[in-house]
Undergrad: 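Provided herewith is a single structure, encoded as structure tokens, for subsequent inquiry.
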Amino acid sequence: MGSSASQLSKELLSEYQELTFLTKQEILLAHCRFKELLPKESRNTMDYRVPMEKILTMPELKSNPFRQRICYVFSTSEAKDGSLSFEDFLDFLSVFSDSATPEIKSHYAFRIFDFDDDGTLDRNDLVKLVNCLTGDAPETRLSQEEMNQLIGNILEESDIDKDGTVNLSEFQHVISRSPDFVSSFKIVL
């Protein structure tokens with residue numbers, strides 16, 4: 001679906017609009033932003049993949065503690081390197097747009113928090129999630145006792161079937177009771 005022209009055709013623009021939660025104007029802006037991330041010699045092709053390191057320089061992601069996971073989740077790279085094609089970039093922006101549904105947002109949030117990609121949030125995923133939120137510095141990290149207490153509380157609240165993990169439907173149930181989730185799970189270009 002890549003475009004070799006520096007401008008998107010009307011057909012491609014319409015197709016992208018049908019496949020995403022983005023307006024034509026947002027897609028055109030995304031196209032410009034993606035081209036800015038490309039090396040100068042590759043700006044006339046949209047078949048190029050932008051390396052994760054370059055995506056992470058975007059101001060919208062710089063301070064997001066899950067920025068690397070976001071790239072990995074949205075990347076379709078066979079190399080599993082977090083690089084993004086233009087379509088990956090559109091998917092990413094679409095999910096983080098105001099127009100994306102709470103179900104879509106919570107599905108992708110779950111995937112971002114599922115660090116081992118096994119379809120559940122287990123203790124290890126939850127520890128990594130908390131560490132991302134508190135930071136890596138020794139003064140901000142929770143003690144082992146605090147971490148165990150917090151993970152226990154999270155599982156007590158979320159693990160409906162009491163199997164020691166949080167699955168997607170349990171996660172979505174918890175998220176549905178959090179009115180701030182949808183408004184905080186967004187990126188505006």
Side-chain angles (χ1 to χ4, degrees), residues 1-9 11-24 26-101 103-122 124-129 131-133 136 166-168 171-172 184-189:
M1 228 177 17
S3 169
S4 60
S6 59
Q7 295 297 320
L8 293 174
S9 68
E11 296 81 28
L12 200 53
L13 188 58
S14 292
E15 189 176 329
Y16 286 147
Q17 190 178 12
E18 284 180 34
L19 296 171
T20 67
F21 294 102
L22 301 172
T23 65
K24 287 184 180 179
E26 289 169 325
I27 294 167
L28 291 170
L29 181 56
H31 184 257
C32 289
R33 289 295 300 277
F34 187 79
K35 282 177 51 176
E36 289 169 8
L37 296 168
L38 293 172
K40 283 192 182 1
E41 65 275 5
S42 301
R43 291 203 174 146
N44 287 332
T45 177
M46 295 313 289
D47 296 331
Y48 189 85
R49 299 188 73 80
V50 175
M52 179 171 61
E53 295 73 35
K54 199 82 165 128
I55 299 289
L56 297 180
T57 65
M58 292 175 57
E60 297 85 356
L61 283 178
K62 263 189 176 165
S63 62
N64 188 313
F66 302 101
R67 59 191 171 276
Q68 289 183 316
R69 278 295 301 163
I70 290 168
C71 287
Y72 285 121
V73 165
F74 285 95
S75 176
T76 57
S77 167
E78 289 182 21
K80 306 273 187 240
D81 59 5
S83 65
L84 299 182
S85 67
F86 180 61
E87 285 81 12
D88 296 341
F89 190 67
L90 282 182
D91 286 343
F92 151 64
L93 293 175
S94 178
V95 168
F96 282 92
S97 74
D98 278 333
S99 303
T101 66
E103 292 76 26
I104 293 286
K105 287 180 177 291
S106 60
H107 171 81
Y108 278 92
F110 181 83
R111 288 189 54 205
I112 291 165
F113 300 156
D114 182 13
F115 289 88
D116 58 9
D117 297 318
D118 68 352
T120 64
L121 303 183
D122 59 18
N124 290 334
D125 292 320
L126 295 173
V127 167
K128 286 181 181 175
L129 184 137
N131 285 337
C132 278
L133 293 172
D136 284 338
V166 178
N167 63 37
L168 177 59
F171 180 79
Q172 287 178 321
S184 65
F185 199 79
K186 74 177 184 179
I187 290 176
V188 179
L189 278 182

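We use all heavy atoms of the structure for the numbers below, so side chains are in, but hydrogens, waters and symmetry mates are not.
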Undergrad: What is the minimum heavy-atom distance between Asp114 and Gly119, and which atoms define it?
TA: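 So the minimum-distance heavy-atom pair works out to OD2-N, 2.7 Å.
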
Undergrad: Take Leu29 and Leu22 through the test side-chain contact (heavy atoms from CB on, under 4.5 Å) and record every step on the way to the result.
TA: CA-CA 10 Å; Leu29 181 56; Leu22 301 172; over 6 Å; no

Undergrad: Let me see the working for Phe34 and Leu90 under side-chain contact (heavy atoms from CB on, under 4.5 Å), right down to the final yes or no.
TA: CA-CA 9 Å; Phe34 187 79; Leu90 282 182; over 6 Å; no

Undergrad: To the nearest 0.5 Å, what is the distance between SG (Cys71) and NZ (Lys54)?
TA: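 Separation between the atoms: 13.0 Å.
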
Undergrad: Partners of Phe66 by ring pair (Phe, Tyr, Trp, His ring centres under 6.0 Å), sequence neighbours excluded?
TA: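 With sequence neighbours excluded, Phe66 shows a ring pair (Phe, Tyr, Trp, His ring centres under 6.0 Å) to Phe113, given in chain and number order.
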
Undergrad: Which pair of non-hydrogen atoms, one from Ser94 and one from Phe21, has the smallest distance, and what is that distance?
TA: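 Smallest heavy-atom distance, with atoms named: OG-N, 2.8 Å.
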
Undergrad: Verify side-chain contact (heavy atoms from CB on, under 4.5 Å) between Asp125 and Asp118, making sure each step is shown before the conclusion.
TA: CA-CA 10 Å; Asp125 292 320; Asp118 68 352; 4.1 Å; yes

Undergrad: Please find the pair of heavy atoms, one from Phe185 and one from Lys105, that lie closest to each other, and give the distance.
TA: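 The answer is O-NZ, 2.6 Å.
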
Undergrad: What is the distance from atom CG of Leu121 to atom CZ of Phe115, rounded to the nearest 0.5 Å?
TA: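 These two atoms lie 9.0 Å from each other.
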
Undergrad: Please find the pair of heavy atoms, one from Leu37 and one from Phe89, that lie closest to each other, and give the distance.
TA: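 What the structure gives for the nearest pair is CD1-CE1, 4.2 Å.
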
Undergrad: Please report the shortest heavy-atom distance between Met58 and Leu189, naming the atom on each side.
TA: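 Residues Met58 and Leu189, closest heavy atoms: CE-CD2, 4.1 Å.
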
Undergrad: Please report the interatomic distance CZ(Arg33) to CD1(Ile55), rounded to the nearest 0.5 Å.
TA: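 Going from CZ on Arg33 over to CD1 on Ile55, the span is 9.5 Å.
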
Undergrad: Does one side chain, of Asp122 or Thr120, offer a donor that lies under 3.5 Å from an acceptor on the other?
TA: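 Per modelled atom types, Asp122 and Thr120 side chains form no pair under 3.5 Å.
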
Undergrad: With rounding to the nearest 0.5 angstrom, report the CG to CD distance, Leu12 to Gln17.
TA: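 CD of Gln17 is found 12.0 Å from CG of Leu12.
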
Undergrad: Using the test ring pair (Phe, Tyr, Trp, His ring centres under 6.0 Å), find all partners of Tyr108 that sit at least two apart in sequence or belong to another chain.
TA: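 Testing Tyr108 for ring pair (Phe, Tyr, Trp, His ring centres under 6.0 Å), a comparison that skips the adjacent residues, returns Phe74.
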
Undergrad: How close do Gln68 and Leu56 get, counting heavy atoms only, and between which atoms?
TA: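 Heavy atoms of Gln68 and Leu56 come nearest at CG-CD1, 3.8 Å.
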
Undergrad: How many angstroms lie between OH in Tyr16 and CD in Glu87, if you round to the nearest 0.5 Å?
TA: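 Taking OH in Tyr16 and CD in Glu87, the distance rounds to 3.5 Å.
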
Undergrad: Within the structure provided, determine whether Gln172 and His107 are in side-chain contact (heavy-atom separation under 4.5 Å).
TA: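 In contact.
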
Undergrad: Should Asp88 and Arg49 be marked as a salt bridge (charged side-chain N to carboxylate O under 4.0 Å, His left out) after you check the CA-CA gap, both sets of side-chain angles, and the distance that decides it?
TA: CA-CA 9 Å; Asp88 296 341; Arg49 299 188 73 80; 2.8 Å; yes

Undergrad: Do Asp81 side-chain atoms and Met52 backbone N/O form a donor-acceptor pair below 3.5 Å?
TA: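 No; judged by distance alone, with no hydrogens or angles, the pair does not exist.
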
Undergrad: Step by step, would you call Arg69 with Lys128 a side-chain contact (heavy atoms from CB on, under 4.5 Å)?
TA: CA-CA 11 Å; Arg69 278 295 301 163; Lys128 286 181 181 175; over 6 Å; no

Undergrad: How far does CG of Leu8 sit from CD of Glu15, to the nearest 0.5 angstrom?
TA: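 Going from CG on Leu8 over to CD on Glu15, the span is 11.0 Å.
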
Undergrad: Is the shortest heavy-atom distance from the side chain of Leu61 to the side chain of Ile187 under 4.5 Å?
TA: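 Yes - at least one pair of side-chain heavy atoms lies under 4.5 Å apart.
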
Undergrad: For Asn131, check side chain to side chain donor-acceptor pair (under 3.5 Å) against everything at least two apart and list the hits.
TA: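 If we apply the side chain to side chain donor-acceptor pair (under 3.5 Å) test to Asn131, skipping adjacent residues, the hits are Arg141.
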
